Amino acid sequence: MRWRIVTAVSLAIVPLASTMLAGPAYAQFGGIVYDPSNYAQNVMTAARSLEQINNQIQQLQNQATSLINDARNLTSLPISTIQTLQSQVDQTRQLLSEAQRIAYDVTDVQQVFNGRYKGAALSAGQHQMVANANARWQDSVGAFEDAMKVQAGIVGNLGATRSSITTLVGASQSATGALQAAQAGNQLLALQTQQLADLTAAIAAQGRAQSLESARNAATEAEGRERFRRFRTRN
């Protein structure tokens, strides 16, 4: 009897399973029709919508990051060493402007050389020759003193230069954006220019002293020949 009941139930399930496999399944829950295929489609639609929202959120985050980076790149460097560099250049120029006896001026150089280094100055009277020789000696001594002053001033600038380098390199390494890095680099270039200006001043001062000494020696030699000529003429 039990075997007959199981067989009957099995025969009833087979047609039901065949019906479920053949077409979409529908179920009713309290009058609500449940369609699995429609439910799956709704889930896929919701997933695509959520993905679009996530993409939009990511785009907004990227835009916000870009704006933050732009703000950093436009931030100006909070420090400046330009005034210090200008002050150092002005100090060196002041030392050069205090050149003794012969200024760094083409007209002045020409007048002085015409007056006591060449031409009529070498064939003047004995008293004038002595005066010119003394003036040339003072020119040379003053030029060497000027060169040493310029060199001392440049050496004195080294402390401020070292401080500026430390400040600017630190600012460059901690720059938050491209503008700050560029400004730090520009100030380092300005510092290098100032050092080149100091070097040029030192070379100019030293060269001036050496040139005046060479000119003094040449004038002394010329005066010696003139004096010897006069001595031979008198005898």
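The structure displayed is predicted, hence computed values, not measured ones.
- When only modelled atom types and interatomic distance are considered, Q100 and Q138 share no side-chain donor-acceptor pair under 3.5 Å.
- A distance-only check finds no donor-acceptor pair linking the side chain of S163 to the backbone of G159 [under 3.5 Å].
- Applying the ring pair (Phe, Tyr, Trp, His ring centres under 6.0 Å) criterion to F144, with sequence neighbours excluded, gives no partner residue.
- Not one N or O on the side chain of R116 forms a donor-acceptor pair closer than 3.5 Å with the backbone of R136.
- A distance of 10.0 Å separates CG of N157 from OG of S164, quoted to the nearest 0.5 Å.
- A121 is linked by a side-chain contact (heavy atoms from CB on, under 4.5 Å) to N132, counting only residues two or more places apart in sequence or in another chain.
- Not counting sequence neighbours, the partners of Q58 by the side-chain contact (heavy atoms from CB on, under 4.5 Å) test are Q61, N62.
- In the hydrophobic clustering of ILVMFWY residues, with side-chain heavy atoms under 4.5 Å counting as a link, Y117 and L122 come out apart.
- A distance-only check finds a donor-acceptor pair linking the side chain of N217 to the backbone of E213 [under 3.5 Å].
- Under the rule for a side chain to side chain donor-acceptor pair (under 3.5 Å), the partners of Q183 that lie at least two apart in sequence or sit in another chain are S76.
- Salt-bridge annotation for R208 and D146: present, with a side-chain N of the basic residue lying under 4.0 Å from a carboxylate O of the acidic one.
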*Go through the steps to decide whether R229 and E226 satisfy the test salt bridge (Lys or Arg N to Asp or Glu O under 4.0 Å), and finish with yes or no.*
CA-CA 5 Å; R229 185 192 67 78; E226 176 62 19; 2.7 Å; yes
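- Distance CD/E223 to CZ/R230: 9.0 Å, rounded to 0.5 Å.
- Every residue meeting the side chain to side chain donor-acceptor pair (under 3.5 Å) condition with Q94, not counting sequence neighbours, appears here in chain and number order: E98.
- Heavy-atom minimum distance, T161 versus L191: CG2-CD1, 3.7 Å.
- Residues passing the salt bridge (Lys or Arg N to Asp or Glu O under 4.0 Å) test with R225 are E221, sequence neighbours excluded.
- Side chain of Q180 to main chain of L77: no donor-acceptor pair is present (N/O by atom type, distance under 3.5 Å, no hydrogens or angles).
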